[in-house]
Amino acid sequence: MQTILRKVRIQSVSLRFGLVYSVLFISSAILFLSFVWWGTIGLLEQRVRHSIALDAHALLTEWQHAGIPGLENLINNRLAQDIDDNALYLLSAPDGKLLAGNLAHWPIRLDAALTWQTLPVLRDGQLNLAQVRVWTLQGNYLLLIGRDISERTQIQRMLTDAMLWTCLMVGLLAVGGGWVVRVLFRRIIHSINRTTLAITRGDMSRRIPVSGMGDELDDVALTINQMLDRITRLMDGVKQVSNSIAHDLRTPIARARAELEDASRSATNELALRAAIDQAAVNLDKVTGICEALLRIAQIEAGTRRSAFAIFDLATTLRDITELYEAVADEHGLKLQRNFPLHLPFRGDQAMFQQALANILDNAIKFSPPQGTINLSAQHIPAASSAEHAQTGTIRIMVVDSGIGMNDADLARASERFFQAEQARHTPGSGLGLALVQAIVELHGGTLLLSHNNPGLAVTIDVPAIHDYPDKT
């Protein structure tokens, strides 16, 4: 029973969506048709009253100038000229005698207290609906002026029938449109449901089909598919990282254990035992370093380190890094060159950016042969469109070495965690340096690009500059 109710609730979502569409469609159509109906009927009634008002003005003016005889003559002339045969006139004396007009007698339902009245009148032996108004003249003479509105009533009836049929057709169209909307709504929902259900069952290759029409449904499908692609990549990365962690941690831990076991069995004096313990501590420090690097990468990717962002001079940071690594480069027989402006204002985490630059320079020094050259440069690249205030340009930092470099396959994977190029397999390191650099650069809204230098490697970091960038001089 609960399963049936759940299915009904799921299906009722699309049903309610279709019903809401139908109700809105019908309501808007009824409002529009009602406006047309009331506007048409109101216009006809306004024309009738305007015609009566004009007649009354002319007749009353004639009565004031020529008296009752002149009024009788004007009424007879008006009746003779009534081509449409819809004008109604009646003039009676104080004793009730009919003096002029085309009505046989005064209307039975006439109410003297009302100004405008719509009532049936007898004319030429037929009872027709008319709109009339009565004036009391001096001497208790009564003047009735009106219009036969039988034709207007027929038009009103025809218009009402047309409106009813139109409402019926609109209702059918609304129901049909609501059904189409319901089908479309159910299609995208069921498509998403089938895809997510397949993914929960382990089929990570399933994606929502795209019709190719470029409509909003395709936009939703493409967005969800991109999200699924990213989730798949992240899960693959987690699997790869898990395997790499197990492999990289196992080696130093196994070495530390073997050294301690060997020392416990074969150490003959305190000095040998201490040497074994120190070597085991070095191996365990490697494990600690790997764990700390992974923790820093996780914190940076989660965005928890943005609280330390501040504006600082990146040129000063680059000078400090250069002075620190010039001595290291000299020890390896390398020459470290620098080229950057006096000031590079930048907003970010200064300590993290120093760590990223240190990792890149460490790799450059580690993999460059003696007598080689390492070039550290930075520059501000203005925005392509100066009209947009939001675009402040880019700060580009490049570290170019003349070392062993990488092939295309290694370049594509260089920023992955624990990845080491084939040429660097026997070089000390955990393969987390460039992964940490990648995380720091992305946290600052930038991009990291590795390219060939032939020979060597070129590392390019592009990060957004701050607003109101000053003159380089």
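- More than 12 heavy atoms of other residues, nucleotides or ligands shown are found within 6.0 angstrom of CE on Met227.
- Aromatic ring orientation, Phe353 versus His444: perpendicular (interplanar angle above 60°, classes split at 30° and 60°).
- For the residue pair Asn76 / Glu72, no side-chain donor-acceptor distance below 3.5 Å is found, with atom types taken as modelled.
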Q: Take Met398 and Asn375 through the side chain to side chain contact (heavy atoms under 4.5 Å, CB included) test and state the conclusion after the steps.
A: CA-CA 8 Å; Met398 294 189 67; Asn375 192 342; over 6 Å; no

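- A 6.0 Å sphere centred on CZ of Arg49 holds more than 12 heavy atoms belonging to other residues, nucleotides or ligands.
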Q) Should Leu376 and Ile397 be marked as a side chain to side chain contact (heavy atoms under 4.5 Å, CB included) after you check the CA-CA gap, both sets of side-chain angles, and the distance that decides it? A) CA-CA 7 Å; Leu376 172 61; Ile397 305 171; 4.1 Å; yes

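- Put simply, the side chain of Ile68 reaches to within 4.5 Å of the side chain of Leu91, judged on heavy atoms.
- Between the CG atom of Leu90 and the CG atom of Leu142 there is a distance of 8.5 Å, given to the nearest 0.5 Å.
- Rounded to the nearest 0.5 angstrom, Ile440 CD1 and Asp349 CG are separated by 8.0 Å.
- In terms of heavy-atom proximity, Ala378 sits nearest to Pro341 at O-CD, 3.3 Å.
- Rounding to the nearest 0.5 Å gives a distance of 8.0 Å between CG of Leu450 and CD of Gln438.
- Remark: of the listed residues Leu99, Leu143, Asp55, Leu143 is the sole one forming a side chain to side chain contact (heavy atoms under 4.5 Å, CB included) with Ile75.
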Q) What do the steps show when you test Asn363 against Leu457 for side chain to side chain contact (heavy atoms under 4.5 Å, CB included), and what is the final call? A) CA-CA 10 Å; Asn363 288 339; Leu457 183 69; over 6 Å; no

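- Nearest heavy atoms, Val400 versus Ala458: CG2-CB, 4.1 Å.
- We find that Arg319 and Glu323 are not joined by a salt bridge, their nearest charged nitrogen and carboxylate oxygen being 4.0 Å or further apart.
- Counting heavy atoms from C-beta outward, Trp106 and Val134 have side chains that approach closer than 4.5 Å.
- Considering only heavy atoms from C-beta on, Leu228 comes within 4.5 Å of Thr195 through its side chain.
- In terms of heavy atoms, Leu344 sits closest to Gln379 at CD2-C, 4.5 Å.
- Between Trp63 atom CH2 and Leu74 atom CG the span is 14.0 Å, to the nearest 0.5 Å.
- In this structure the side chain of Tyr89 never reaches within 4.5 angstrom of the side chain of Leu144, judged on heavy atoms.
- Taking CZ from Arg133 and CD1 from Ile52, the interatomic distance works out to 9.0 Å, rounded to the nearest 0.5 Å.
- Taking 4.5 Å as the limit, some side-chain heavy atom of Pro94 sits within range of a side-chain heavy atom of Tyr141.
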Q. After noting the C-alpha distance and the side-chain angles of Ile360 and Ile461, does the key distance pass the side chain to side chain contact (heavy atoms under 4.5 Å, CB included) rule?
A. CA-CA 11 Å; Ile360 297 174; Ile461 297 176; 3.6 Å; yes

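- Expressed to the nearest 0.5 Å, how far NE2 of His343 lies from CG of Leu314 amounts to 12.5 Å.
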